[in-house]
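Down below is the structure, laid out as structure tokens.
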Amino acid sequence: MAKNISRREFIATAGATAGFAALASMGLYSGWGSNDSDTNSDQLDSKELNCDVLVIGSGMAGLFAAVKAHDAGAKTIMVSKGRLGSSGQTPFAKGIFEFGAQKSNVTLDEFVKQVSESALGTNNPIYTRQMAEHSKARVGELREWGFFDSPLYNKSFNRPIKDRNIPVVERVTITHLIKENGKIAGAAGFSIDAKKIYFFNAKSVILCTGAGGFKPNGFPINDLTHDGTIMAYDIGAKVTGKEWNDGHPGRSINPAACYDGWGDMFEQKPNTTSVSIRHDLGVDMNYMAYQQGNPIKMGHPGEMNNVTLEGGPKRPVLQGSGMESEKRPGGKRPPKGKGAPPGMGGTPVGGSSAGMAIHKSEGLVPINDRCESNIPGLYAAGDALGSYMAGAIYTQIGSSLAGSAVQGGVAGEAAATYASGVKQLELSVDKKKELKDKIFAPLSRDAGYSPAWVTQTLQGIMIPNFVLYIKKANLMQAALAYIEELRDHHMPLLRASDLHELRLAHETANMIVSAEMKLKASLMRTESRCSHYRLDYPETDNDNWQAWINIYKGKDGSMKFEKQAFDSVRRS
Amino acid sequence: MPINNISGCIGCGTCVSTCPTDVIRLNKDGKAEIKYPEDCQICHLCRMYCPTDAITITPEKTIPVIVSWG
Amino acid sequence: MKNSIKNYNKWAAILLFFALPILIYVLSDFPRRSILKETISILTLGAFFVTMLQFFMSRAAKDKLKEHRMATVIKWHKVLGYIVAGILLLHPFLIIAPRFFEAGILPQDAFIELITTSTQGVILGIITWMLMLLIALTSIFRDKLGIRYKVWRMLHGILSITFITGAAFHVIELGRHINIPMLWLISVLSILAVALLLKLYFFKTSIKA
């Protein structure tokens, strides 16, 4: 390509000829953002930062976690592998639920009751209520910061952060949480711009790391790989919600083009939504494709209800006001807009959000209503917290973004309170050395497996609709055998040739662990409910399964599972 | 090519940090370059954030796409 | 004979400063954008080429233009000069103008980001923008400057050489429609333009004042 010749080289030559070489050699370019391919470990830089509260992630939950922790008096730092307001799913979420903004005949109690009905009891009503209760205040703050004035969120997110002088460390991938004496002590990660390791000594950590998937095509979550969940699991945190599925379809033409698949939605300014409770499956389309083949018969939204098909995922008969039965999954769909969501324009294909559960259903198990995990000092908010705010199905439109804002705020205040009562723990030299070796190990491997190949293999195992959407025991067992192979043989041999690939290597490892969790939890839940559909157990089993599945790491390092009854939720 | 072309780049680096999947880097000339096209999720954030509107994106992916049914 | 030389000059000017850039633009695989954006691009590109043409429509090229009425040439030089100066002074704002009509970063934010980027190309752009302003102002208010015409002419020439040198680098460094043919065309034309004026100053052969 003609463009590839260096303009600077040309200028240097032309400049010299014309006698203006000095201009060309001004060299104002600082080298920022260039990828240093030199991976010599001797040249490793390290940076250590101290704070009361470390917020990991810079989406909607991270924003409010940082702001509220700071306002509660904590010295707060935000770290993100992306950019403020431009990473994770936040940049693409355009509807935010505001309860009580308009005159509505639905009271708070009724709202919570209706969500619980639609969610078949899978929701945690404490978090459902908390979201609705605080949504108006958070939306008000966002409005003040100019959130609703632009389709891009970096500027409005920066306003409260800059006003408060909260340091934001961007393009640093956190790979490890650090626990000392049973309590959280900080986190470690690396910069993707220069070979540099980051240690954060923190009294409290809030994971605002979002959810994740298998880097699927057609949904903008390719930077989300359950990093927070897996890091927390590794140090003993309990994780939940891995059997639920987000069933967004994509388009058959250019299925990887998220922007095109969502019509003009990415270009819209955000808007508020009001009460409208649904039961959006998505998994039903997978069932239709499974039974009938492709292309699936459907016209415009809602029409699919009329296609008769034996069996398949059921939706509850909903009563009460404000309930719709529109078939389209749409936790993020704004109320207005001309653009069609994925699959609505042209022939749909499945798996555009493969690997992701319903918003707020998967993530760390909260031990109370303060977004606190079972590890003292470790909090999570938004999609990184398995709060079951909406249950295991999409219920209230726009509540995903509102929930992230609300939980970010709650977690921020709780973490600041916790941090004020504990002492900073110093990281030992040995610990730092150990982490450094672990983090950079893929760079030092001469032979191994590239993260891109392992990811594609993982996608080939997990994305087909007969594995995680239309589930049955023998196929999940088969898939599990593959995943265990990836876990035991490929994960330890992931290699990276540069820092971009190093990030991919860590992300790939997280996806493999999440795949194992998803398969094992799905095998364990021997019933069908909400977005979890078993072909071999098509009925809802209320005798045995009015329970969530929690996952944790056993003393021997193996994955352990436990049931937690739906009605066992606690307040602090 | 997901990101088809970058022309009129002033080297501000906004797209580099804006890209959720770290697809773009500045090259030795200080210009934005599509370094890891296979990781592009075609979300158009880089294009929308670019102050000189230098980025053109097409909907095709550089690698075969795995979907749930096809 | 006289007319044929005049025609020849005219056609050479049209070919070099108009047809050739348009041809390169049409034949190259530059991304085609909206009508508004392409119009702005062509306008700016055209303004830059006309700016280079200005050197050849001046007293510096007097010996080549002896068949033309110099007063007419200078009249055109002035008219074109004010038009292209206007376009080039507006050019930083024209870049961000389409953002008024589409989703994305706000035009004012884009502008701030643009002028606060400290890369070579941008800094050159800002310097040459100021030079352009200076050239335009010293031309409009020539009578009020209180300097002799010859001194003004010298000043105008020096400013122009500095401007076109910086602008050529700026265009090559940042131009949206720069490829190898365009790069050569701009380089050759701008070097010729500068050479023409330098010749005037150092070998005053063509000045018969």
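Sequence lines set the chain letters: A, B, ... in the order given, protein chains first and strands last, and positions in each chain run from 1. All values derive from a computational prediction rather than experimental measurement.
- Note: Tyr287(A) and Tyr533(A) meet the aromatic proximity criterion, with ring centroids under 6.0 Å apart.
- Side chain to side chain, Arg47(B) and Tyr259(A) meet the donor-acceptor criterion of an N or O pair below 3.5 Å.
- Proximity to chain B is limited to the backbone of Ile221(A), based on heavy atoms less than 4.5 angstrom apart.
- Chain B forms the most heavy-atom pairs under 4.5 Å with one residue out of Leu468(A), Leu84(A), Asn222(A), and that residue is Asn222(A).
- Comparing Leu504(A), Leu152(A), Ile253(A) by heavy-atom pairs within less than 4.5 Å of chain B, the highest count is held by Leu152(A).
- Of the two parts of Glu501(A), neither the backbone nor the side chain holds a non-hydrogen atom closer than 4.5 Å to a non-hydrogen atom of chain B.
- Between chain B and the options Pro216(A), Gly82(A), Ala256(A), the largest number of non-hydrogen pairs under 4.5 Å is found for Ala256(A).
- Two residues are said to be in side-chain contact when any heavy atoms from C-beta on lie closer than 4.5 Å; Glu38(B) and Tyr36(B) meet this criterion.
- Side chains of His248(A) and Asp246(A): a donor-acceptor N/O pair is present below 3.5 angstrom, by distance only.
- For Phe190(A), the ring-ring contact (aromatic ring centres under 6.0 Å, His included) partners at least two apart in sequence or on another chain are His506(A).
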